[in-house]
Number of protein chains: 2
Amino acid sequence: MKNNKESKDLSFDFDFLDKLVVGIGEVSQITGIPTRQIRYWEEKRIIDSLTEEEGKNRRYNYENIKKMLLIKELMDEGYTLDSAAEKVKKRMEMIENTLNKLQGKQL
Amino acid sequence: MKNNKESKDLSFDFDFLDKLVVGIGEVSQITGIPTRQIRYWEEKRIIDSLTEEEGKNRRYNYENIKKMLLIKELMDEGYTLDSAAEKVKKRMEMIENTLNKLQGKQL
DNA sequence: TCATTAATTGTAGATAATTTACAATTGCAA
DNA sequence: TTGCAATTGTAAATTATCTACAATTAATGA
């Protein structure tokens, strides 16, 4: 069953999350990770963005942001950037699953 | 019971929504409302933003964005801007309630 | 039809935020 | 102390947003 775009009650709002795309400044505010560091992670291909062309401003979706937060968490626990990034992949899959289940239930 | 910041499973993520603050460009992308129109609505005090000082870039939270979407919906149904804005207030309260309930239950 | 008001749209010039690129710095482990 | 990982600094260019003033379009009532 698809998420009904017309539903007015919007118990919660997965459509919103789907459309949610933000710039690097906002990501930095949300996550507490400095913009400089976000660019560095991207440069190292630890994370990626939705940015269309180079030179244009970077864009991130919920998944991107979530990934940064998870990596940050692990690094605070002592992981290196690379190992954290690796570990996060699996965690992301779990989250993806959880979200899908919730979405399926339409809350 | 407070939302536990440390919870790793993050069934869903109300902390995220709380921190979510985006610029006018993103709001425009998300809602489909042109930036020019968003500024106009703000000028008319139909909506508001979190912007700290004038001249700095506008910032919006989830509530702000939701309000715009609701107003847009009503105007599509034929309401005038002012009457839509008025009607939306009540609807916002209902949503606020729903969200609070969900948050209370921790999903 | 004409005037009036509501709603939106256009844009110039100034400012804010982000970009890339090159370089320096810091911390840690061998 | 050498080497690598991770981060940080910043200049100059570019992109995005800002305000302010004005024009345009649409609906309504006289």
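Here the structure is a predicted model, which means the values were calculated and not measured. By convention in this document, chain letters (A, B, ...) are assigned in the order of the sequence lines, proteins followed by strands, and residues within each chain are numbered from 1.
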- [ ] Starting at atom CG of Leu50(A), determine the distance to atom P of dT18(C), rounded to an integer number of angstrom.
- [x] 16 Å
Close N or O pairs between protein and nucleotides 16-18 of chain D (under 3.5 Å):
unit_1  : atom_1 : unit_2   : atom_2 : d
dT17(D) : OP1    : Gly25(B) : N      : 3.0
dC18(D) : OP1    : Arg58(B) : N      : 2.5
dC18(D) : OP1    : Arg58(B) : NH1    : 3.3
dC18(D) : OP2    : Arg39(B) : NE     : 2.8
dC18(D) : OP2    : Arg39(B) : NH2    : 2.9
dC18(D) : OP2    : Arg58(B) : NH1    : 3.4
dC18(D) : O5'    : Arg58(B) : NH1    : 3.2

Open item on the list: What I'd like to find out is whether the side chain of Leu81(B) reaches to under 4.5 Å of the side chain of Tyr40(B), using heavy atoms alone.
Closed with: yes
Task: Overall bend - the helix from dT1(C)-dA30(D) to dA30(C)-dT1(D), comparing terminal axes fitted on five pairs, nearest 10 degrees - done: 30°
Task: Glu43(B) CD to dT9(C) P, straight-line distance once rounded to whole Å - done: 13 Å
Task: Separation of dA7(C) C1' from Tyr79(B) OH (nearest whole Å) - done: 18 Å
Open item on the list: What is the distance, to the nearest angstrom, from the CG atom on Asp82(B) to the P atom on dT8(C)?
Closed with: 10 Å
Open item on the list: What I want to find out is whether Lys44(B) reaches Asp82(B) closely enough, with some N-O distance under 4.0 Å, to be called a salt bridge.
Closed with: yes
Open item on the list: One thing to verify: whether Lys72(A) and Glu77(A) come together as a salt bridge, which I'm taking to mean a side-chain N less than 4.0 angstrom from a carboxylate O.
Closed with: no
Task: Nucleotide nearest Arg36(B) (side chain, heavy atoms from C-beta), chosen from dT7(D), dC21(D), dT8(C) - done: dC21(D)
Task: Atom-pair distance (CD on Gln29(A); C1' on dA16(C)), nearest Å - done: 14 Å
Open item on the list: Tell me the interatomic distance from Met75(B), atom CE, to dA27(D), atom C1', rounded to whole angstroms.
Closed with: 12 Å
Open item on the list: If we ignore hydrogens and angles and just use 3.5 Å, is the side chain of Ser28(A) paired with the main-chain N or O of Ile33(A) as donor and acceptor?
Closed with: yes
Task: Close side-chain approach of Val21(B) and Val22(A), heavy atoms under 4.5 Å - done: no
Task: Exercise: do Tyr79(B) and Glu73(B) side chains pair donor with acceptor under 3.5 Å - done: no
TODO: Would you indicate, yes or no, if dA7(C) has its OP1 or OP2 atom less than 4.0 angstrom from a side-chain nitrogen or oxygen of Trp41(B)?
DONE: no
- [ ] Round to a whole Å and report the spacing from CD1 of Ile33(B) to P of dT9(C).
- [x] 11 Å
- [ ] In sequence, state the C-alpha distance, the side-chain angles, and the governing distance for Glu26(B) and Arg59(A), and then conclude on salt bridge (charged side-chain N to carboxylate O under 4.0 Å, His left out).
- [x] CA-CA 9 Å; Glu26(B) 286 82 27; Arg59(A) 298 271 103 116; 2.9 Å; yes
Open item on the list: Just the rounded figure in Å: distance from P of dT8(D) to CG of Leu81(A).
Closed with: 12 Å
- [ ] State the CD1-CD1 distance between Ile65(A) and Ile38(A), to the nearest 0.5 angstrom.
- [x] 9.0 Å
Task: Residue pair Asn64(A) / Ile47(A), side-chain heavy-atom distance below 4.5 Å - done: no
Open item on the list: Let's see if you can work this out: which of dG10(C), dT8(C), dT8(D) has an atom nearest to the side-chain heavy atoms of Tyr40(A)?
Closed with: dT8(D)
